[in-house]
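Inspection log for the structure reproduced underneath, given as structure tokens.
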Amino acid sequence: MATERYNAREAEARWQKAWTDNEVFKTRNEDPRAKYYVLEMFPYPSGRIHIGHVRNYSMGDVVARFKRAKGFNVLHPMGWDAFGMPAENAAMKNKVHPKAWTYENIATMRGQLQSMGLSLDWAREFATCDVAYYKRQQRLFLDFLAAGLVDRKKSKVNWDPVDMTVLANEQVIDGRGWRSGALVEQRELTQWFLKITDYAEDLLTALDGLDKWPEKVRLMQKNWIGKSEGLRVRFEVAGNAAPAGERSIEVFTTRPDTLFGMSFLALSPDHPVSKALAAENADLAAFVEECHRMGTSVAVLETAEKKGYDTGLRVKHPFTEETYPVYVANFVLMDYGTGAIFGCPAHDQRDLDFARRYDLSVTPVVLPDGADPAAFTVGDVAYTDDGTIFNSDFLDGRSVPDAKQAVAAALESRTIDGKPVATRQVNYRLRDWGISRQRYWGCPIPIIHCDDCGVVPVPVKDLPVALPDDVEFDRPGNPLDRHPTWRHVACPSCGKPARRETDTMDTFVDSSWYFARFTAPDAEDPTIPAMADAWLPVDQYIGGIEHAILHLLYSRFFTRAMKATGHLSLDEPFRGLFTQGMVTHETYQDASGAWVSPADVKVEMVDGIRRATLVTTGEPVTIGPVEKMSKSKLNVVDPNDIIETYGADAARWFVLSDSPPERDVEWTDAGAQGTARFLQRVWRLVSESAEIVGTATTSPDPSPAALAIRKAAHKALAAVDENLEGLRFNVALAKIYELVNVLGSAFANDRARFDADASFQAAFREGLEILVQIVAPMTPHLAEECWSALGNTGLVAMTPWPTLEPALLVEDEITLPVQVNGKKRADVTVPRDADAASVEAAVMQIDAVLKALEGKAPKKIIVVPQRIVNVVA
RNA sequence: GCCCCAGUGGCGAAAUGGUAGACGCACGGCACUCAAAAUGCCGCGUCCGAGAGGACAUGCUGGUUCGAGUCCGGCCUGGGGCACCA
């Protein structure tokens, strides 16, 4: 029978319309069924979607469609993370307004997502740059402020002295501003902070309850919060050299046990003592300035060569009374602990690097187990493992934890100037969240500065503080600062002329509560608490691993802060988390060094070497490393080509097949054609057999051939169910291939049976229906077309998941591999419930086993039921 | 530098501590065709062997175990994050 090829383009448009017309994906709050909230991290509207988006949203859509078929009331919304720097960069480069640029991109990308056939409730869509959204965000800020969760303090930014503007870390390249090329300086600004550290302990302990999160993400967050129990120790300054009369310098240490291995004290360049000394010492001031030119990025500070400046100040060891030098060092962070450390080079690599550079003493005080105390020395590698304390007076012979206790006990009872020398302290690495950004395209912070009243919150009734549209990007800096009228406003408190805050919020704020707003996107308040509580937490959140720490931690904090201010009543926003791998691609550069898009490059093998040329001119192109797809390197692949050539289903199937979803994949479109062929094969199988199988229903007494078909179908059903539940899409797809292979070869080779055996016909129809239903989450359009070809009138999208018959999964006989000494030598087929003794007897009959035993009697025989037999000789 | 993760055929990969390589791509052979495409069937880790079969093999290295891709230690390579990219 001749069947037309499946025309994806035509069919996809038709079924998308059917779904829309039937409002299949519109979520009703009042639906009484159990809720399921599936959410993919919303995209930044950069212009067009790329393959990474297709991968992310295909996964989420499979979950949404699967859970819908399983009888859940599914919430699956979409929005836009629409504030951020690229819009301002585009404005500067192309003279287009950030707002226009952003909304145009959103329109384009919405169209692209819709062409993918995603089962989204578009009625709930919003962009974070919508005034309606950020108005509520300003309200949250004010509530947080009232609840004491907002702070205002000084912190450092990267300052470009030529462009006179603040730079993001990304915009600092090798210590210089990306546009001006000027050496970047650190500057202190008074900025707004959210007090995430108030929740440090809670954010840490609650990680244990997030059992549906990847272990690695919980670990990363745990390390990020960085709880440590240590000691603040004050070192007495020798003589009277301290600049402002300080008699002591306080350090924080988690290794008080190594106090006798001390060889120096190091201060952050931003430490008050460093600053005071620098004021009187030009050399030190120059050094501090050099430190400040490294920018604010921790990664840069930590990878820079360890450098220091000897202040001439000396401190006394609390036990030995010996004096040690005080350095200002570039690797000591002011934000952590007290901004000062004591250096024990033998047992800390950074301290060791520093000590070697400045020729300071290295005294080991922790002895590895079994080492000779007289012979143990430290070379260029610090010893950071456990051991026994030595070279340490009264601590000698103690364990590391014991020594920590002993030092704390000895020092906390002593005093300098009436204050204890040491206090025990729990310390967190986590810092408060600085949300101030000196930029236009973000949510304005709703604050007014009045000369008389100080910092005054904008009254709720005056919200929103909307961004002015009439701004220019002809020069660097924040256009809000130089706007002629916007910042001038009457003080809400006293009515006198005052100034608006011109800082806008970090875009991480926008993405820290959008999942809650989706539960009531039109509400006057930020949320409708009952609605948020009903839908949240998100049951399955899906997004890139690159957000494992910041976005997810901020969202967890925000949820707690929203609870504290009455906007919802839960702590954890995401019950299940799945972090997908990234899509990478080769990079290409032309002769001038400019990045070239893969679409413009032709790659071929010449004499066994891969060569790349420009499609247009044939000019040679340099093949660069494989990197995460990014606009700046142009190595993005636009999925439109695949969608237009093979259809959305093919694109969806393709990105889900083969690679495990959590793993990074290097993009190659070599398999796209294979995918399209497979989908045609499914269509051919269903459409050609539809007529033959008619409307036969399951027969109670199937023939062996019919039973085989039924077993294959139900096995596939069970496997797909289990693997979709576990988000192992690639494995689920492999099981579908297997079913198609079984049905396909039965149809091709067993055609006569359809007429002769009614139970076979019925089993085959059941197999086809199961096939169509289990491919539906991945290839929903094709599934609808097949469903209809089988004579069904409803939509697959509204059809419940098929019911599994577990009896069909059970085999009467099983074949076990037989090993001799761990090497496979034979197989043995036994009844499913055979006991160990009968299996052993059967195994000892096998020639191959006896041969492998070489006449020896087995020492023991291990029978793992349903699994394996191992004969140990 | 610090934290986290990954590494299996030509390629993407699969494998509750239990037969390593399911499934797919690519490739090769055959069938169908005047021919091509499409489709179908067969083969496809490496080495030895005519074959039966055997040896080796999951980045490297050591260990635990009757049995290790899987667990533990050390190393190598690649990727992500490091607080103003999102």
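Naming: A, B, ... by sequence-line order, numbering from 1 per chain.
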Pick the nucleotide of RNA chain B nearest each of Glu302(A) and Ile868(A); which residue has the one closer to the 5' end?
Glu302(A)
C1' atom, C32(B) versus A37(B): distance in rounded Å?
12 Å
At less than 4.0 Å, is any side-chain N or O atom of Arg681(A) found next to OP1 or OP2 of G40(B)? Yes or no.
yes
Roughly how many Å apart are G69(B) and G81(B), using the C1' atom of each and rounding to a whole number?
28 Å
Taking any heavy-atom pair under 4.0 Å as a contact, classify Asn730(A): base, sugar-phosphate, or nothing.
sugar-phosphate
What contact category does Met582(A) fall into here, base, sugar-phosphate, or nothing, at under 4.0 angstrom with non-hydrogen atoms?
sugar-phosphate
Say you pick atom C1' in C42(B) and the same atom in G79(B); how far apart are they, in whole Å?
40 Å
Any base atoms under 4.0 Å from Leu430(A), or only sugar-phosphate, or nothing? Heavy atoms, all strands.
base
Which residue, Val731(A) or Ile549(A), contacts RNA chain B at a nucleotide closer to its 5' end, judged by nearest heavy atom?
Val731(A)
Side chain of Arg825(A): nearest nucleotide among A55(B), G40(B), A86(B)?
A55(B)
Integer angstrom distance from the P of G74(B) to that of A83(B)
28 Å
Expressed as a whole number of angstroms, how long is the span from Lys306(A):NZ to G1(B):C1'?
5 Å
Which part of the nucleic acid, if any, lies within contact of Ala299(A), taking any heavy atom under 4.0 Å across all strands shown: a base, the sugar-phosphate backbone alone, or nothing?
base
How is His547(A) classified with respect to the nucleic acid when contacts are heavy atoms under 4.0 Å: base, sugar-phosphate, or nothing?
base
For Phe508(A), which contact category applies under a 4.0 Å heavy-atom criterion: base, sugar-phosphate, or nothing?
base
Using a heavy-atom cut-off of under 4.0 Å over every strand shown, decide if Asn870(A) touches base, sugar-phosphate, or nothing.
base
Give one of base, sugar-phosphate or nothing for Val166(A), where a contact means two heavy atoms less than 4.0 Å apart.
base
Return no unless some side-chain N or O of Asn741(A) is found under 4.0 Å from OP1 or OP2 of G24(B).
yes
Kindly say whether, by distance alone, the side chain of Arg684(A) makes a donor-acceptor pair under 3.5 Å with the base of U39(B)?
no
Would you give the length of the straight line joining atom CZ of Phe578(A) to atom CG of Asn56(A), rounded to the nearest 0.5 angstrom?
10.0 Å
Interatomic distance at C1', G63(B) relative to G17(B), whole Å
16 Å
When we call it a touch if two heavy atoms are under 4.0 Å apart, what does Val298(A) touch: a base, just sugar-phosphate, or nothing?
sugar-phosphate
